[in-house]
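We count residues from 1, following the sequence as given.
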Amino acid sequence: MFQRTRKVACPHCHGSNFWHGNPKPTDVLHCRYCDGVVTTYADYVEQTARREAERLLAEFVETDVSRDLAHLKAVLAAPEQRVSS
């Protein structure tokens, strides 16, 4: 998978739990502190992949819209800076 920890916090008591070995998608992780159901391995993998994708997108997405708009206005205002096709 992603060489990340497989540590999962219990939604009930917030205790740290871990997947051991090579779990099947249908395996259910039970909290070692309160014995509550934490998640299935398939759900854990899906959530981890989603968080990793969100993290990567956030890392590469430009968040300074005002700077981008200022640059666009400057390019449009100066025809010599435009690239002709």
Side-chain angles (χ1 to χ4, degrees):
M1 200 166 93
F2 303 125
Q3 300 306 326
R4 301 248 181 205
T5 181
R6 296 195 293 175
K7 180 172 127 178
V8 183
C10 175
H12 310 291
C13 71
H14 305 291
S16 294
N17 296 280
F18 302 89
W19 291 100
H20 296 288
N22 192 15
K24 297 178 188 115
T26 56
D27 285 353
V28 177
L29 180 63
H30 292 276
C31 181
R32 61 186 173 156
Y33 301 103
C34 71
D35 291 326
V37 173
V38 178
T39 187
T40 64
Y41 191 65
D43 288 342
Y44 164 76
V45 170
E46 183 179 333
Q47 291 170 4
T48 302
R50 188 179 311 271
R51 281 193 303 272
E52 183 68 9
E54 289 170 358
R55 185 191 68 78
L56 285 172
L57 285 171
E59 186 176 324
F60 293 105
V61 171
E62 182 62 51
T63 59
D64 190 0
V65 175
S66 60
R67 185 183 65 161
D68 289 346
L69 287 174
H71 177 70
L72 181 60
K73 286 178 183 178
V75 168
L76 292 174
E80 66 276 359
Q81 292 183 7
R82 294 183 201 160
V83 177
S84 56
S85 310

S.K.: Quick check for you: to the nearest 0.5 Å, what is the distance between Arg51 atom CZ and Glu46 atom CD?
M.R.: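 Arg51 atom CZ to Glu46 atom CD measures 11.0 Å (nearest 0.5 Å).
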S.K.: Is Tyr33 close to His14 at the side-chain level, that is, under 4.5 Å between some pair of heavy atoms?
M.R.: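 When only atoms from C-beta onward are counted, Tyr33 and His14 do not touch, as no gap falls below 4.5 Å.
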S.K.: Nearest 0.5 Å please: distance from the CZ atom of Arg32 over to the NE2 atom of His30.
M.R.: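 Atom-to-atom, Arg32:CZ and His30:NE2 are 15.0 Å apart.
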S.K.: Does the side chain of Asn17 come within less than 4.5 Å of Lys7's, by heavy atoms?
M.R.: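 Lys7 vs Asn17: side chains apart.
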S.K.: Taking the side chain as C-beta and beyond, is there a heavy-atom pair between Thr39 and Trp19 under 4.5 Å?
M.R.: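 In short, these two side chains touch, coming nearer than 4.5 Å.
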S.K.: Test side-chain contact (heavy atoms from CB on, under 4.5 Å) on Tyr44 and Val8; report intermediate values, then the result.
M.R.: CA-CA 8 Å; Tyr44 164 76; Val8 183; 3.5 Å; yes
S.K.: With rounding to the nearest 0.5 Å, note down the distance linking OG1 in Thr48 to CZ in Arg50.
M.R.: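 Atom-to-atom, Thr48:OG1 and Arg50:CZ are 11.0 Å apart.
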S.K.: Please round to the nearest 0.5 Å and tell me the distance separating atom CG of Asp43 and atom CG of Leu29.
M.R.: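 CG of Leu29 is found 11.5 Å from CG of Asp43.
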S.K.: If you measure from CG on Asp35 to NE2 on His12, what distance do you get to the nearest 0.5 Å?
M.R.: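 Reported value, rounded in 0.5 Å steps: 10.5 Å.
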S.K.: Out of curiosity, Thr40 OG1 to Lys24 NZ, how far, rounded to the nearest 0.5 Å?
M.R.: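 Going from OG1 on Thr40 over to NZ on Lys24, the span is 14.0 Å.
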S.K.: May I ask you to test the Val38-Pro11 pair for a side-chain heavy-atom distance under 4.5 Å?
M.R.: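 Yes. Closest side-chain heavy atoms under 4.5 Å.
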